[in-house]
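Just follow the structure's listing: the first ligand is 1, and inside any ligand the first atom is 1.
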Amino acid sequence: MTDLYKFIRSLPKAELHLHIEGTMEPELIFLLAERNGIELKYNSVEALRNAYHFDDLQDFLDFYYEAGSVLLREQDFYDLTWAYLLKAKENNIVHTEVMFDPQTHTSRGVPFSAVIGGIYRALADGYEQLGISFRLILSFLRHLSEEDGFKTLAEAAPFQGWITAVGLDSSERNFPPDLFANLFDKAQEMGFLTVVHAGEEGPPENIWAALDLLKASRIDHGNSALEDPDLVDVLGIYEIPLTSCPLSNLRLKVIQKMEDHPLKEMMDRGIKVTVNSDDPAYFGGYLNDNFIAVADALQLSKEEIVQLVKNSFEASFISDGEKRTFLKKVEEAAGI
Ligand code: ADE
Ligand code: ZN
């Protein structure tokens, strides 16, 4: 283990951009397929893993939704979430804000209650047994209609106490935030915070719309923000965090090489940027791997790494008191 790896591992961390369906390792896909009597296109774990080469976001999403079809019962969602929590523990993640895509499952006839029930039960057990605190974010799929989103929001209403925020993910091209303004208005009226995937493959205009129309508290990815100096100013002045996902960006060809990642420039230009793993089972690494990859490529100092870790707690949806407690623990671990 290199010094840098040891240092990154030693810091207690928060993760703010993580799709629970994106943590399903090929081994678990096969296990659940067998348990549920579902035929897969691939005949071995290796064959599936070897197929993970993506041309762009859509190419990845096609795999991701297909794999999601092995999740049928409450216990499946529990097992998926528990497996992630064990990885989170290994990565010294002490707080996680998990996104889930209910429409991927309810569209196949899986009850909303089975999806959220399994995920929430595992997160509650993770808090008890592993000491990992959590928030839950319901993400709407933007390739589906706003009407479908409204149906999903109604299904979520009885579970509102379990859900902190709503999000918007899936294909960014052709599905700008503007299409979901009414849905997000309604979600906010109900008391949900909002986050939005924007500027991953799309232009800065999508980030503006996420802020102006969908009132996003955080922007997921936000890579294209640097193209617009006014937007950089607004993100800095209003302290709107970006949840960046370096390995995801590399694997989905948002960047061509890690050295091109905008994270350091975002920091230098006053944006509160955070490091996250997005869909770690598909992109070659969990949170520590994302830190290592970007720290190596951009030659980040230990101080910069500590700042990124602190940013995640500051940008999280926990209370100010909880933030202070975690930030103190980071400083203690970092020896500052
Ligand atoms: N769903 C899962 N991962 C995603 C990503 N990187 N962008 C948009 N939607 C997603
Ligand atoms: Zn994402």
Side-chain angles (χ1 to χ4, degrees), residues 14-25 29 52-69 71 80-81 84 96-105 107 115 119 135-144 148-149 152 165-177 179-180 194-203 206-207 209-210 214 216-225 241-255 261-263 273-287 289-290 293-294 312 315:
E15 175 144 69
L16 306 181
H17 182 162
L18 182 280
H19 302 266
I20 199 65
E21 293 89 348
T23 69
M24 190 157 49
E25 293 286 345
I29 295 176
Y52 287 174
H53 298 283
F54 313 113
D55 294 333
D56 58 13
L57 174 58
Q58 191 58 51
D59 193 29
F60 155 68
L61 289 171
D62 294 342
F63 270 89
Y64 169 81
Y65 296 130
E66 169 91 21
S69 68
L71 293 157
L80 170 68
T81 308
Y84 162 66
T96 184
E97 306 201 341
V98 170
M99 292 181 217
F100 71 116
D101 288 340
Q103 289 154 299
T104 303
H105 315 296
S107 64
V115 179
I119 296 170
R135 294 289 184 274
L136 199 48
I137 301 170
L138 182 167
S139 271
F140 296 108
L141 298 180
R142 68 203 312 165
H143 66 272
L144 299 180
D148 205 284
T152 304
V166 299
L168 189 65
D169 62 7
S170 193
S171 326
E172 188 176 2
R173 288 189 188 133
N174 305 321
F175 302 101
L179 300 172
F180 298 91
T194 69
V195 297
V196 177
H197 279 61
E200 181 184 16
E201 283 192 339
N206 285 0
I207 303 175
L214 307 192
S217 296
R218 298 195 296 245
I219 298 294
D220 293 317
H221 295 294
N223 293 57
S224 65
L242 302 184
T243 63
S244 194
C245 306
L247 288 173
S248 165
N249 293 158
L250 187 64
R251 292 297 179 100
L252 300 186
K253 303 190 166 56
V254 172
I255 52 170
H261 199 280
L263 180 112
V273 61
T274 66
V275 175
N276 306 273
S277 69
D278 205 9
D279 302 285
Y282 292 88
F283 300 146
Y286 285 77
L287 188 58
D289 302 313
N290 274 274
V294 80
S312 295

Can you name the one residue among Asp279, Asp220, Asp278 that meets side-chain hydrogen bond (donor to acceptor under 3.5 Å, both in side chains) with His19?
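Per the side-chain hydrogen bond (donor to acceptor under 3.5 Å, both in side chains) rule, the option paired with His19 is Asp278, out of Asp279, Asp220, Asp278.
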Protein heavy-atom partner closest to [atom] - residue, atom, separation in Å:
atom                   : result
atom 7 (N) of ligand 1 : Glu200 OE1, 2.7 Å
atom 3 (N) of ligand 1 : Asp279 OD2, 2.6 Å
atom 9 (N) of ligand 1 : Ser170 N, 2.8 Å
atom 1 (N) of ligand 1 : His19 CE1, 3.5 Å

Before we go on, tell me: are the rings of Phe140 and Phe180 under 6.0 Å apart, centre to centre?
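Not under 6.0 Å, so no.
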Test of ring centre spacing under 6.0 Å for Phe63 and Tyr282:
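Centroid distance Phe63-Tyr282: not below 6.0 Å, so no.
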So, taking the atom named CG in Asn206 and the one named CD in Glu201, what distance separates them when rounded to the nearest 0.5 Å?
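One gets 11.0 Å once the value is rounded to the nearest 0.5 Å.
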Examine distances only and state if a side-chain atom of Ser170 and a backbone atom of Arg142 form a donor-acceptor pair shorter than 3.5 Å.
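Such a contact is absent between Ser170 side chain and Arg142 backbone.
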Between Ser69 and Tyr65, is there a donor-acceptor pair closer than 3.5 Å when you use the side chain of the first and the backbone of the second?
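Absent.
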Just distances here: any N/O of Tyr65 and N/O of ligand 1 closer than 3.5 Å?
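No, there is no polar N/O contact under 3.5 Å.
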Is there a polar contact, in the sense of an N or O pair closer than 3.5 Å, between Asp101 and ligand 1?
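N/O-N/O distance under 3.5 Å: no.
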Which pair of heavy atoms, one from Leu18 and one from Ser277, lies closest together, and at what distance?
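Here Leu18 and Ser277 meet closest at CD2-OG, 3.5 Å.
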Are [X] and [Y] side-chain neighbours, meaning at least one heavy-atom pair lies under 4.5 Å?
X      : Y      : value
Ser244 : Asn249 : yes
Arg173 : Asp56  : yes
Phe100 : Thr81  : no

For ligand 1, note which part of Asp220 has a heavy atom under 4.0 Å away: side chain, backbone, both or neither.
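It is neither; nothing of Asp220 touches ligand 1.
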Select one of side chain, backbone, both or neither to describe which atoms of His221 lie under 4.0 Å from any atom of ligand 1, heavy atoms only.
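Under 4.0 Å from ligand 1, His221 contributes side-chain atoms alone.
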Listing by chain and number, what protein N/O/S atoms are under 2.8 Å from the Zn ion (ligand 2)?
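The answer is His17 NE2, His19 NE2, His197 NE2, Asp278 OD1.
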Of all the atoms in ligand 1, which lie at a distance below 4.0 Å from a heavy atom belonging to Asp278?
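So the answer, numbered in order with elements, is 3 (N), 5 (C), 6 (N).
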